[in-house]
Amino acid sequence: MFISIYNTLVRILYPIAISRYIEKRKENGKEDIKRFNERLGKPTMPRPEGKLFWLHGASVGESLSMLPLIDKLLLTYPEAHVMVTTGTTTSAELMGKRLPERAFHQYIPIDNPTFTKRFVKHWQPDVALWFESELWPAMLSTIKSKNIPLILVNGRISNRSFKRWQQFDFVCKELLSCFTYCLGQSDEDAYRLKVLGAKEAECLGNLKYAGLPLPVDEAKKKEIEAQINGRTVWLASSTHDDEEMRIARFNIELKKEFPDLLLIVAPRHPNRGEEIQKRMQEELNLKVSLRSKNEPITEETDVYVANTIGELGLWYNICPIVFVGGSLIPHGGQNFMEPSRCRDAVIVGPHMHNFTDAMNRAQKADAVTQVKDVIELSNQVCLLLENKDLLEERRQKAYDWAMSESKVLDGIMNKIKEYIPQ
């Protein structure tokens, strides 16, 4: 009942209100003008022959977590193709760089039944794999109406979302009824999915544990290492507003102990790069170089702001010590498994509630260091810079844990194969 009402309202409201909102998104650069027809469910290429696996993720994090599974699907089914859909321009750009042969990207249509039906009719996927918890009623109901197997992969229901959905359990039950099967990130997520109405749900592990090492451009690496020229270096990765300034202030104190110290900052949102550079220069009087402007690292550079897309693997490969941001503020943290796979000593802040299960497992393996605040962070960086043996030990433990967790991919793949038509 809810989905029928929703679809009717969307059809009525789209020309009156929703289209205006979309136009504002275009004006603000949040829509890809050249490929906007894809958002209307109009394809920009023909459907490839043979099996087609459709994987959808909301944004960058979800799309990155797909990559190991995409490789596994293409290896298992050598004649098949993979279509990845996302909704953001950033994720589209990243997928354009990372997707392998026989895989391609399309934008997810706006959730209007006219557009979703057009999209599904053209692509006719053999199976749809929905990553995490972005539930679009028109699209989900369209997939269900075509009897396409729909599997929720790495489903996550936070405490806040669980409480909110329980107040509208009839809505959630109808949405989850569209899924053929649900795979939760953790046992708790699988339990919550069942409570909220999933027909079948279980946890086979978190697919983010099985991520591939991030790509590294060796030519760029040599160029950056030549500019660093043997200086002591560490990285603040995936940082959010205010974290960079807090860290930079304490890096000034660290430089008194390590005069050749270079801090690299890779902000979660690269478009904040110029703002970060300006604040550090004006408020802290630091020498700051900006990657997006091709400004080099010199002997005088205090901070290098690496505000580009798709180069995080480069910085993880160069820096042996990595702080993962979104964790000094109550954001909930960012993916700390990626630097672990690159054999870095990983430090996070107190706010890691987006990765509770992963943190519990990593801490049991002594594979991550969690600090209470930026003072403790500064102390930990200082400790690792002074003690090379301890640094090597932490790097190895992080890597060993990350590799041991990667076997989750096989279990998830075996479950998905049950729903792929022969």
Side-chain angles (χ1 to χ4, degrees), residues 3 6-7 9-11 13-14 17-26 28-48 52-67 69-70 73 81-99 103-146 148-156 175-176 178-180 182-183 207 309 416:
I3 292 178
Y6 172 93
N7 285 342
L9 286 174
V10 167
R11 284 193 177 97
L13 292 175
Y14 186 83
I18 300 175
S19 61
R20 295 178 186 175
Y21 167 72
I22 298 297
E23 288 302 317
K24 287 184 179 180
R25 284 180 56 85
K26 287 182 179 179
N28 294 330
K30 294 183 178 180
E31 295 286 349
D32 189 333
I33 304 299
K34 293 180 180 179
R35 296 173 56 188
F36 188 72
N37 271 351
E38 294 175 26
R39 296 282 276 149
L40 304 179
K42 297 178 180 178
T44 54
M45 59 182 289
R47 184 198 189 281
L52 178 64
F53 306 132
W54 171 24
L55 285 71
H56 172 72
S59 190
V60 172
E62 294 85 356
S63 54
L64 285 174
S65 70
M66 298 174 184
L67 292 172
L69 183 57
I70 291 172
L73 284 165
H81 290 78
V82 167
M83 175 175 66
V84 172
T85 58
T86 62
T88 67
T89 55
T90 303
S91 58
E93 182 179 348
L94 188 61
M95 286 297 98
K97 296 177 180 178
R98 296 291 304 275
L99 286 176
F104 60 95
H105 176 270
Q106 293 279 287
Y107 282 104
I108 188 76
I110 297 162
D111 203 49
N112 179 322
T114 302
F115 305 155
T116 60
K117 288 178 180 178
R118 182 186 294 154
F119 176 90
V120 172
K121 182 180 179 180
H122 174 80
W123 294 112
Q124 299 181 40
D126 291 275
V127 66
L129 307 178
W130 214 260
F131 279 68
E132 302 202 12
S133 305
E134 188 182 65
L135 307 181
W136 292 107
M139 181 57 85
L140 296 183
S141 60
T142 299
I143 296 169
K144 182 181 180 181
S145 71
K146 298 299 181 182
I148 298 167
L150 175 61
I151 302 172
L152 181 63
V153 181
N154 248 32
R156 179 174 175 269
L175 290 172
L176 289 176
C178 296
F179 288 94
T180 313
C182 293
L183 293 170
L207 192 60
I309 294 173
I416 290 170

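The OG1 atom of T86 sits 7.5 Å away from atom CE of M95, with the distance rounded to the nearest 0.5 Å. Distance check: I70 CD1 to R98 CZ gives 10.0 Å after rounding to the nearest 0.5 Å. To the nearest 0.5 Å, the span separating CG on L152 from CG on L183 amounts to 7.5 Å.
Annotation: salt bridge (Lys or Arg N to Asp or Glu O under 4.0 Å) contacts involving residues 131-144, sequence neighbours excluded, comprise E132-K208.
Of all non-hydrogen atoms in A138 and Y6, the two that sit nearest each other are N-CE2, 3.7 Å. Smallest separation of non-hydrogen atoms from S141 and N7: OG-ND2, 3.6 Å. Across R47 and L52, no two heavy atoms sit closer than the pair NH2-CB, 3.4 Å. Here the shortest heavy-atom pairing between P43 and Q106 reads CA-OE1, 4.1 Å.
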Exercise for the section: Take L135 and F179 through the side chain to side chain contact (heavy atoms under 4.5 Å, CB included) test and state the conclusion after the steps. Expected result: CA-CA 10 Å; L135 307 181; F179 288 94; 3.7 Å; yes

Practice task
Report the C-alpha distance between M139 and V120 in whole Å, list the side-chain angles of each, state the deciding distance to 0.1 Å, and finish with yes or no for side chain to side chain contact (heavy atoms under 4.5 Å, CB included).
Solution key: CA-CA 9 Å; M139 181 57 85; V120 172; 4.0 Å; yes

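The environment of K34 atom NZ is sparse: at most 12 non-hydrogen atoms of other residues, nucleotides or ligands sit within 6.0 angstrom. Counting non-hydrogen atoms of neighbouring residues, nucleotides and ligands closer than 6.0 angstrom, the CZ atom of R25 exceeds 12 such neighbours.
Proximity of a side-chain donor or acceptor of R118 to a complementary backbone N or O of L40 within less than 3.5 Å is detected. For N154 (side chain) and L207 (main-chain N/O), a donor-acceptor pair under 3.5 Å exists by modelled atom type. Side-chain atoms of D32 do not come within 3.5 Å of backbone N or O of T89 as any donor-acceptor pair. Looking only at distances, a side-chain donor or acceptor of H122 sits under 3.5 Å from a matching main-chain atom of M45. Without hydrogens or angle criteria, T180 side chain to I151 main chain gives no donor-acceptor distance under 3.5 Å. In this structure, the side chain of S19 engages the main chain of Y14 through a donor-acceptor pair within 3.5 Å.
Screening H56, M66, E62 for a side-chain contact (heavy atoms from CB on, under 4.5 Å) with V84, the sole residue that qualifies is M66. Checking each of N112, L9, L13 against I18 for a side-chain contact (heavy atoms from CB on, under 4.5 Å) leaves exactly one that passes, namely L13. Considering F131, F119, W123 as possible partners of W54, the one that fulfils the ring pair (Phe, Tyr, Trp, His ring centres under 6.0 Å) test is F119.
Within the 4.5 Å cutoff, side-chain heavy atoms of F36 are placed close to those of I110. Annotation: side chain of V10 is not in contact with side chain of P137 (no heavy-atom distance under 4.5 Å). A 4.5 Å side-chain heavy-atom check between Q124 and I148 finds every atom pair outside the cut-off. Side-chain contact between L129 and L73 is present, with heavy atoms from C-beta onward closer than 4.5 Å. Looking only at side-chain heavy atoms (C-beta outward), T116 and W136 stay at 4.5 Å or farther from each other. Between L69 and I416, the closest side-chain pair of non-hydrogen atoms falls below 4.5 Å. Counting heavy atoms from C-beta outward, I143 and C178 have side chains that stay 4.5 Å or more apart.
Comment: K26 engages E23 in a salt bridge, judged by a side-chain N to carboxylate O separation of less than 4.0 angstrom.
In this structure R35 satisfies the side chain to side chain donor-acceptor pair (under 3.5 Å) test together with E38, H105, sequence neighbours excluded.
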